[in-house]
Amino acid sequence: MNFEVFLIDDDVVDVENVRRALRDNQSQLRLHTAHDGQQALDMLDSGEVGTKPTVILLDLNMPRMSGIEFLSEIRASPRHCRIPVVVLTTSDSERDKLDAYERNIAGYILKPVTYDAFVQTMEHVLAYWSLQEFPT
Amino acid sequence: MTPRTSQRNPRLNAVRKSLERHREYLALLQGVTEVANESSELQPVLAEVVSMTCESLGWPVGHAYIVEDGELRARGDWYADEDVETTPLEALIDRTESLDSTPGTEQALADAEPAYRPVADVADPQRQRALASLGLSSIFHVPIRSRDSVVAVLEFFAPAVEESKLADLEPILASISAAVGRVAERETSARQYRELMRAEFDREHAELRAAELQALATKLRQRNEELDQFAYVASHDLRAPLRGIGNLASWIARDLEPHLTPDTRRYLALLENRVQRMEALISALLEYSRVGRNAIGAEDVEVDALVREVIDLLGSRDAIEWIVEPLPRIHCQRLLLRQTFHNLMSNALKHASGEDARVRISAEPARVGRVSGWRFAVADNGPGIDPRYHERIWEIFQTLRPRDEVEGAGMGLSLVRKIVETRGGSLGLDSQLGEGATFWFTWPASPVDEPAREQG
């Protein structure tokens with residue numbers, strides 16, 4: 001199956017970090033990026049991403065629309081509510097973790113990302129898609 | 001009154017004389033009463049009553065004592081007839097008289113009744129002579145009472161007084177005493193009222209001051225919390241861009257590897273090294289700010305085991321001898337005590353030197369503020385620290401040696417100070433150049449209960 005990774009993060013270096021990690025892993029995953037929640041929502045709505053089995057990597061602290069706001073939006077959307085989301089953030093605060101898990105996330109990874117945690121989470125998420133029939 | 005009429009009927013004449021005397025008495029009492037009613041201050045009333053009494057009764061000399069702390073104190077203003085020179089007498093009657101040195105005053109004080117004494121009763125011969133030379137042979141004392149105590153005594157000196165007249169005088173003097181006593185009472189009441197108001201004011205002032213202090217303490221605590229919060233957030237936010245710099249440097253190093261010159265390779269290595277140092281500083285700052293944020297429960301701690309644990313952790317150097325003296329078992333917040341020992345011991349390890357490098361850890365019971373506790377010491381035999389640096393070493397980010405020589409964030413001792421002082425303990429350094437250094441700190445054995453604060 002053809003998997004896609006949708007990374008939503010406003011930090012260019014962090015985006016680059018994920019890009020290099022996928023590249024170094026010789027991953028076949030396709031990477032899409034957005035730099036805030038609003039742009040990500042627009043891309044999902046336009047069908048630019050999310051039409052194939054996708055995992056969203058989501059930063060929390062972003063301008064315009066924060067990660068939590070974005071999560072609330074897509075969980076309320078019948079079209080996007082089933083996309084698994086992994087939070088990727090520097091925030092270690094209990095509040096953020098609670099807010100994120102309440103919106104049904106598939107994982108919470110603290111930056112700086114260790115390669116192990118990253119790969120492990122991606123594998124779990126990919127296993128999810130192999131058990132689910134992707135809605136078309 | 002003419003001599004002619006007086007010769008006509010001796011009895012009538014006597015009655016007239018008596019009436020005349022009583023008229024004068026009435027005038028005196030009326031005068032005294034008016035003065036007494038007009039004033040609420042005793043001292044001016046005393047002076048005026050003395051002069052009125054002397055004038056009315058024809059007594060040449062009079063003055064007043066005030067009772068202060070159980071002693072009679074002569075007031076400065078004397079009344080004396082123009083032809084009477086009282087200077088020697090005034091000099092004799094000292095400004096301060098003990099109660100028993102003036103005969104009669106003692107009695108007057110005890111009875112609080114007007115009293116008459118002949119000059120012959122005066123014990124002091126000098127005073128007796130002085131009075132005799134002025135032709136004065138009688139002494140009258142009029143005590144002035146306020147409530148239950150005598151506050152003043154009027155003293156009059158007069159020539160010989162006939163027995164019959166003495167009987168007349170007694171009620172007059174008693175009335176004067178009562179009238180002036182009312183002034184004294186009013187004065188006392190006024191003073192007590194003022195004192196009451198004053199006490200009330202003081203109390204309100206003290207309450208206000210206590211409230212201010214309370215507010216100040218609260219504000220200070222808030223400020224400290226804000227400062228910790230600031231340090232936490234600041235260092236947290238400093239980390240992200242720094243990590244970016246570190247990533248970028250390592251990517252450049254990797255991607256350009258075939259093209260690097262020895263110089264550019266070294267520069268990139270230095271860049272990464274500096275990033276790591278900055279990371280260490282930020283971590284230390286974070287840790288420092290967390291000391292105030294984390295409430296950790298107390299437990300029973302074997303300090304000996306704790307110290308040996310730290311030694312295991314630090315003991316990468318072979319050429320060092322750890323000497324651990326008997327250490328107590330105490331109830332405390334384990335992690336904080338461990339951190340304190342860790343920082344002091346790693347500091348000692350860094351500085352202990354020579355063939356026989358030694359670090360000694362010891363303890364003795366000590367008072368910590370109002371509670372009991374222990375005084376712990378970590379002593380090394382290193383180069384020692386010049387006393388002029390003893391203050392500076394506790395400050396944040398201070399190291400006394402170049403950074404490339406001793407790796408450390410310069411935060412260890414500041415952290416120790418913050419931990420120890422937060423527990424209510426104190427700490428210090430005993431050291432001379434060339435004689436090693438002993439860092440000591442006190443730790444309450446059973447820490448005071450603190451309200452657990454939310455961990456941010």
Side-chain angles (χ1 to χ4, degrees), chain A residues 5 7-27 31 33-37 57-68 70 86-101 108-119 121, chain B residues 225-260 268 271-297 335 452-456:
Chain A
V5 174
L7 173 61
I8 308 165
D9 194 330
D10 63 323
D11 188 323
V12 186
V13 178
D14 285 344
V15 170
E16 199 55 31
N17 206 5
V18 171
R19 191 192 303 283
R20 287 180 72 99
L22 292 177
R23 192 192 70 191
D24 291 353
N25 196 30
Q26 296 176 333
S27 166
L31 181 69
T33 61
H35 46 71
D36 65 62
L57 294 178
L58 179 68
D59 187 20
L60 291 186
N61 193 10
M62 290 183 295
R64 280 222 294 177
M65 183 189 283
S66 77
I68 298 297
F70 170 81
V86 174
V87 168
L88 194 61
T89 180
T90 55
S91 168
D92 197 12
S93 99
E94 297 298 323
R95 184 75 255 161
D96 281 346
K97 285 180 190 168
L98 203 67
D99 282 348
Y101 276 109
Y108 193 103
I109 303 178
L110 266 184
K111 294 180 190 175
V113 181
T114 65
Y115 187 72
D116 284 351
F118 185 69
V119 168
T121 310
Chain B
E225 280 166 15
E226 277 169 22
L227 207 63
D228 279 343
Q229 182 66 26
F230 168 78
Y232 180 80
V233 169
S235 41
H236 198 263
D237 289 354
L238 287 175
R239 260 191 165 157
L242 186 66
R243 212 183 50 243
I245 295 170
N247 282 344
L248 291 166
S250 72
W251 296 340
I252 291 170
R254 200 145 18 112
D255 294 356
L256 291 185
E257 176 53 39
H259 310 289
L260 290 180
L268 283 167
L271 179 56
E272 286 189 54
N273 171 278
R274 293 300 187 269
V275 166
Q276 277 163 17
R277 187 176 294 172
M278 187 76 184
E279 280 257 13
L281 290 176
I282 292 173
S283 296
L285 202 61
L286 260 171
E287 199 177 359
Y288 186 80
S289 74
R290 274 175 178 152
V291 167
R293 298 158 64 85
N294 294 358
I296 309 161
L335 279 178
R453 266 184 284 161
E454 212 178 292
Q455 187 177 337

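Reminder, nothing fancy here: chain letters follow the sequence lines and each chain counts from 1.
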Listed partners of Asp9(A) passing salt bridge (Lys or Arg N to Asp or Glu O under 4.0 Å), at least two apart: Lys111(A)

Chain B contacts, top residue of Asn17(A), Asp92(A), Asp11(A) (heavy-atom pairs, under 4.5 Å): Asn17(A)

Side-chain heavy-atom pair Arg243(B), Asp14(A) within 4.5 angstrom cut-off: yes

Salt bridge (Lys or Arg N to Asp or Glu O under 4.0 Å) partners for Asp99(A), two or more places apart: Arg95(A)

Heavy atoms of other groups near Tyr101(A) OH, more than 12 under 6.0 Å: yes

Carboxylate-amine/guanidinium proximity below 4.0 Å for Arg20(A) and Asp255(B): yes

Heavy-atom neighbours of Asn61(A) CG exceed 12 at 6.0 Å: no

